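Keep in mind the model is a prediction, meaning the values are calculated, not measured. Just so it is clear: chains get the letters A, B, ... in the order the sequence lines come, proteins before strands, and each one is counted from 1.
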Amino acid sequence: MSQTVRTRFAPSPTGYLHLGGLRTALYTYLFAKKHGGTFILRIEDTDQEREVPGAVDLIYQSLRAAGLHYAEGPDVGGDYGPYIQTQRRDLYPKYAMELVQKGGAYPCFCTKEQLDAKRAAAEAKGETYKYDKTCLHIAPEEAQRRIAAGEPYVIRQNVPLTGTASFDDVLYGHVEVDCDTLDDNVLMKADGLPTYNFANVVDDHLMAITHVMRGTEYLSSAPKYNLLYQSFGWTPPTYVHLPVVMKDATRKLSKRYGDPSFEDLLAMGYLRDAIINFIALLGWSPGTEQEFFTLVELEQVFDVSGLNKAPSIFDMNKLTWFNAEYMRKLPFDAYYALAKPWLEQVLDPDKFDLRRLAELLQGRTEVLNRLPSMVDFLAAMPEYDLALYTHQKMKTNPEVALTAIDLVLPVLAAQTDWTEAALHENLMAAIAASGMKNGQVLWPVRISMTGRESTPGGAIEMAYLLGKDETLRRLHAAKARLANA
RNA sequence: GCCUCCAUGGUCAAGCGGUUAAGACGUCGCCCUCUCAAGGCGAAAUCAGGGGUUCGAUUCCCCUUGGAGGUGCCA
């Protein structure tokens with residue numbers, strides 16, 4: 001590649017950054033990095049009605065949170081600004097006029113009502129609606145007169161009636177369509193702002209974008225954009241269209257159906273690096289067996305040849321697996337800092353050894369937000385079913401449980417050194433002396449202390465965390481309940 | 001409807017004319033074990049269908065089917 005690579009992520013400020021958008025941004029960023037190029041951010045806000053207040057800031061925040069740093073953008077500046085399309089509004093009319101002069105576009109005065117009627121008529125006949133080029137035949141002088149008179153108008157692309165339009169995509173190859181299936185789309189709206197169809201071409205050219213990476217929703221209109229480049233006499237960028245991310249086989253990921261956004265995942269306790277790692281592998285393969293990647297590694301190894309053409313389904317299960325793996329890999333102190341606030345939601349830090357608890361939890365943490373429900377039994381003994389005392393493999397049932405508690409109670413009551421090591425030593429000795437199996441006594445003892453089928457540690461760890469008084473209190477309560485059963 | 005694109009297990013996917021069709025998640029066994037995880041071992045599970053081309057198709061071509069995207073003064 002002789003020219004310096006410049007790629008851009010160009011979202012519309014219509015809300016949060018969804019995962020499909022994040023992936024597009026990631027690949028766009030990685031492509032630039034891989035080729036030593038520049039990644040820039042451009043805000044496409046030409047549809048003022050759809051703009052959501054605060055969405056622009058959300059995009060900045062999300063991109064920063066993801067670690068996708070852009071060298072140029074609205075909030076960082078650059079030599080090709082402004083980077084927000086509404087701030088570039090004065091730029092577009094000039095190019096629109098140039099296009100009109102070159103025959104690639106024309107002003108149109110048809111009203112919304114007229115067009116709706118034509119559209120309805122076409123649909124009634126079961127035909128595909130296409131603008132009939134009525135205004136193409138208005139003489140330039142008359143058009144000028146009407147514009148000067150203040151009549152509302154738009155600028156439409158003048159698509160040839162015959163022939164074909166095409167472009168070449170790195171991923172999808174040569175895409176060609178018959179011009180007669182193409183409509184004369186609006187390039188400049190009556191409000192004076194360009195549509196995506198126009199702004200994208202003008203801005204990519206003006207910003208010297210060399211590689212356009214974007215979703216496949218633009219694949220079928222790309223030939224039309226190429227017509228624009230031809231009319232202008234500009235060299236089109238290299239295109240890489242990216243398949244969408246799906247929720248399942250037929251629906252794409254969408255906030256409306258409750259699918260999480262990037263920000264949502266972070267708030268739930270998914271790690272940024274885990275999300276990035278997972279997203280990178282969703283629709284792209286490095287071609288090797290490696291499955292864990294840091295952003296920096298991805299910057300080196302990313303290649304468009306590993307992109308898959310088919311849409312891929314977002315698998316929360318696998319994301320969660322990645323997250324659990326990343327949790328385990330964290331240095332303990334980093335994990336503890338992350339876990340602590342979640343633990344403190346349900347546990348008084350003055351009453352429990354949260355640090356020890358976190359040690360037990362680190363290897364079992366899939367997502368941070370699951371932590372509270374994993375430890376809340378420590379704060380208050382939950383209701384539980386006596387059936388929990390019956391466990392085939394542990395060879396226990398309520399009767400055995402009663403025996404076990406009777407065996408353990410005096411040992412614990414006499415325990416002065418309430419450490420895991422000391423508890424372990426004395427308890428194991430008592431069990432060995434009794435002739436019972438470890439699980440036979442430790443299972444029911446743990447149940448009676450926690451009321452949970454599974455806990456972040458065994459009976460000994462739980463006893464340590466609960467403390468002597470609370471342990472004995474819960475054991476006595478369980479004994480009374482079992483004796484009356 | 002029309003246009004464009006896509007198609008390997010439940011999911012992510014490797015494969016790019018000749019393979020026992022990798023690997024990962026998930027699932028199911030077994031082992032380990034004071035529970036659950038983690039870890040170890042193992043298992044089930046895929047080339048959508050039909051035609052071609054070829055000595056030989058998962059791989060190339062066509063059709064069908066299925067799916068996606070587009071068909072806006074939205075992007």
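- Counting only heavy atoms from C-beta on, Glu217(A) has its side chain closest to A75(B) among A13(B), A75(B), C5(B).
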Distance-only criterion, 3.5 Å: show the donor-acceptor pairs between side-chain atoms of residues 311-320 of chain A and protein atoms not counting sequence neighbours.
from      : atom 1 : to        : atom 2 : distance (Å)
Ser312(A) : OG     : Arg23(A)  : NH1    : 3.4
Asp315(A) : OD1    : Asn317(A) : N      : 3.0
Thr320(A) : OG1    : Tyr270(A) : OH     : 2.8
Thr320(A) : OG1    : Met316(A) : O      : 2.9

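- Ion pairing of Glu123(A) with Arg119(A) is absent here, as no side-chain N (NZ or NE/NH1/NH2) approaches a carboxylate O to less than 4.0 Å.
- Within the 3.5 Å criterion, the main-chain N or O of Tyr389(A) finds a donor-acceptor partner in the side chain of Thr396(A).
- For residues 397-408 of chain A, the side-chain hydrogen bond (donor to acceptor under 3.5 Å, both in side chains) pairs, not counting sequence neighbours, are Asp406(A)-Lys479(A).
- Thr365(A) and Tyr335(A) share a side-chain donor-acceptor pair at under 3.5 Å.
- Across every strand in view, U54(B) sits unpaired, with no contact that passes the Watson-Crick or G-U test at under 3.5 angstrom.
- Every ring pair (Phe, Tyr, Trp, His ring centres under 6.0 Å) that Trp321(A) has, sequence neighbours left out, goes to Phe292(A).
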Dump every N/O contact between nucleotides 60-62 of chain B and the protein below 3.5 Å, one line per pair.
none

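- The interatomic distance linking Lys118(A) (NZ) with G72(B) (P) rounds to 15 Å, in whole Å.
- Applying the side-chain hydrogen bond (donor to acceptor under 3.5 Å, both in side chains) test to residues at least two apart or on different chains, the pairs with a partner in residues 426-443 of chain A are Gln415(A)-Asn426(A).
- As rounded to the nearest Å, U58(B) and C16(B) have C1' atoms that lie 10 Å from one another.
- Heavy-atom distances under 4.0 Å link RNA chain B to Leu219(A), Ser220(A) of residues 219-229 of chain A, given in residue order.
- Nucleotides G10(B) and U27(B), compared at atom P, are 16 Å apart to the nearest Å.
- In this entry A21(B) has no Watson-Crick or G-U wobble partner, no candidate having both defining distances under 3.5 Å.
- Within residues 387-403 of chain A, the residues having any heavy atom under 4.0 Å from RNA chain B are, by residue number, Lys393(A), Met394(A).
- For Glu461(A), the salt bridge (Lys or Arg N to Asp or Glu O under 4.0 Å) test picks out no residue, with sequence neighbours left out.
- Annotation: C63(B) and G72(B) have their C1' atoms spaced 34 Å apart (nearest Å).
- Phosphate proximity of A13(B) to Ser312(A): present, with a side-chain N or O under 4.0 Å from OP1 or OP2.
- Remark: the Asn277(A) side chain and the Tyr326(A) side chain contain an N/O donor-acceptor pair separated by less than 3.5 Å.
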Within the sub-3.5 Å range, which N or O atoms of nucleotides 63-68 of chain B have a protein N or O partner, and how far apart are they?
from   : atom 1 : to        : atom 2 : distance (Å)
G67(B) : O2'    : Ala249(A) : O      : 3.3
A68(B) : OP1    : Thr250(A) : O      : 2.7

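- Contact annotation: side chain of Lys309(A) to base of A7(B), donor-acceptor pair absent below 3.5 Å.
- A gap of 14 Å separates the P atoms of A14(B) and A48(B), to the nearest Å.
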Take Asp184(A) and Tyr106(A), measure what side-chain hydrogen bond (donor to acceptor under 3.5 Å, both in side chains) needs, and give me the verdict at the end.
-> CA-CA 10 Å; Asp184(A) 282 1; Tyr106(A) 59 94; 2.6 Å; yes

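- In this structure, A75(B) forms no base pair with any nucleotide, since neither Watson-Crick nor G-U wobble geometry is met with both distances under 3.5 Å.
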Can you tabulate the close N/O pairs, meaning under 3.5 Å, that link protein atoms to atoms of nucleotides 43-49 of chain B?
none

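- Nearest-nucleotide positions on RNA chain B place Phe314(A) closer to the 5' end than the other of Pro456(A) and Phe314(A).
- In this structure, C36(B) makes no Watson-Crick or G-U wobble pair, since no nucleotide meets both defining distances under 3.5 angstrom.
- In this structure, C41(B) forms a base pair with G29(B), meeting either the Watson-Crick or the G-U wobble geometry with both donor-acceptor distances under 3.5 Å.
- With both pairing distances under 3.5 Å, A7(B) is matched to U65(B) as a Watson-Crick or G-U wobble pair.
- Of the C1' atoms belonging to C41(B) and U46(B), the separation is 24 Å, rounded to the nearest Å.
- Partner of His241(A) under the ring pair (Phe, Tyr, Trp, His ring centres under 6.0 Å) criterion, chosen from Tyr225(A), Tyr27(A), Phe167(A): Phe167(A).
- Taking a 4.0 Å limit (strictly below) on heavy-atom distances, residues 43-50 of chain A reaches RNA chain B at Glu44(A), Thr46(A), Asp47(A), Arg50(A).
- Aromatic ring centroids of His424(A) and Tyr464(A) lie 6.0 Å or more apart.
- Within the structure, the side-chain hydrogen bond (donor to acceptor under 3.5 Å, both in side chains) test picks out no pair touching residues 282-291 of chain A (sequence neighbours left out).
- In this structure, the nucleotide among C25(B), C36(B), C34(B) sitting nearest to the side chain of Asp315(A) is C25(B).
- With respect to Asp204(A) and Arg42(A), a salt bridge is recorded, a charged nitrogen being found less than 4.0 Å from a carboxylate O.
- Remark: side-chain polar atoms of Arg8(A) are not paired, donor with acceptor, to backbone N or O of Ile40(A) under 3.5 angstrom.
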